[in-house]
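Written below as structure tokens is the structure these notes are about.
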Amino acid sequence: MMKKNMVIAIDGSSGVGKGTLAKALAAYLKLPYLDTGLLYRAVGRKMLEAHVSPESDEIIFFAENLEEKDWLRNDLRTPEIDQAASLVAANPKVRAALLNVQRYFARQKGGIMDGRDIGTVIFPSANIKFFLKASSRVRAKRRWLQFADPVSIQNEEQEIDKIEAELKQRDELDSSREIAPLRPAEDAILIDTDHKSADEVFKEVLNKVENHNKS
Ligand code: DC
């Protein structure tokens with residue numbers, strides 16, 4: 001039995017497999033799904049487009065008035081927006097505006113929320129919290145496989161090195177910012193995905209959700 005308006009928090013760093021897991025869980029449990037990174041990406045995109053600083057009033061206004069059409073675009077996953085999103089994510093006023101968007105999203109029917117601070121800040125009383133971990137090398141390899149260009153296959157190790165360096169740089173920004181840094185909530189269940197397939201992670205997490213619902 002599903003608990004009514006259940007909120008499931010899935011936090012972790014870039015490329016750890018949160019999105020894959022959250023989408024599969026949302027489809028299985030028939031819960032709404034929000035990839036909260038897209039909210040920061042939408043604001044980061046605006047920053048690049050408007051040529052303004054991450055602290056500017058224009059950026060705060062945009063975050064306060066964010067609409068679904070701003071984050072449901074398919075052009076938000078570029079390396080430039082990766083960086084820009086990390087910058088706007090360190091602005092407390094942007095985070096405060098996006099906190100409202102995230103809480104509003106799950107208010108009606110609950111939801112599966114994937115992000116960095118869902119369990120610690122956005123939904124400290126989520127029904128169940130997961131924190132996914134994987135080494136930077138494994139995350140870089142997964143990302144490379146996702147976007148690999150068959151033409152540059154001979155440069156595999158160099159490409160993976162480059163992706164790993166970028167992931168580490170974003171991890172550093174996300175973990176060292178003063179506000180809502182990336183860290184597991186005290187009551188989060190830690191899942192190390194290094195040696196597990198997406199399907200194994202899904203089954204492990206589903207099992208924990210089902211056991212939680214029985215209790
Ligand atoms: O998960 P992602 O790579 O799409 O996230 C983009 C950026 O947004 C990343 O730098 C971390 C930040 N972010 C955040 O600070 N809090 C969240 N809940 C989600 C993402």
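Numbering of residues begins at 1 and proceeds along the displayed sequence. Counting convention: from 1, in listed order, for ligands and their atoms alike. All of these numbers come straight from a predicted model, not from anything done at the bench.
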One pair per line, please: each N/O atom of ligand 1 matched with every protein N/O atom under 3.5 Å away, atom names first, then the distance to 0.1 Å.
residue, atom, partner, partner atom, Å
ligand 1, 1 (O), Arg116, NH1, 2.9
ligand 1, 1 (O), Arg116, NH2, 3.3
ligand 1, 3 (O), Arg41, NH2, 3.0
ligand 1, 3 (O), Arg116, NH2, 3.4
ligand 1, 3 (O), Arg170, NH2, 2.5
ligand 1, 4 (O), Arg41, NE, 2.7
ligand 1, 4 (O), Arg41, NH2, 3.3
ligand 1, 10 (O), Ser86, OG, 2.8
ligand 1, 10 (O), Asp174, OD1, 3.1
ligand 1, 15 (O), Arg95, NH1, 2.8
ligand 1, 15 (O), Arg95, NH2, 3.3
ligand 1, 15 (O), Arg177, NH1, 3.0
ligand 1, 15 (O), Arg177, NH2, 2.9
ligand 1, 16 (N), Arg95, NH2, 3.1
ligand 1, 18 (N), Thr36, OG1, 3.0
ligand 1, 18 (N), Arg116, N, 3.2
ligand 1, 18 (N), Asp117, OD1, 3.1

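- Annotation: side-chain contact (heavy atoms from CB on, under 4.5 Å) contacts of Asp199 (sequence neighbours excluded): Ser197, Phe202, Lys203.
- Side-chain contact annotation: Arg142 with Thr193, donor-acceptor N/O pair under 3.5 Å present.
- Here the OG1-CG distance, from Thr36 to Leu98, works out to 9.0 Å after rounding to the nearest 0.5 Å.
- When all heavy atoms of Asp114 and Lys18 are compared, the closest pair comes out as OD1-CE, 3.6 Å.
- Residues Ser14 and Arg116 bring a donor and an acceptor atom of their side chains to less than 3.5 Å of each other.
- Of the possible polar contacts, one joining the Ser53 side chain to the Ser56 backbone as a donor-acceptor pair under 3.5 Å is found.
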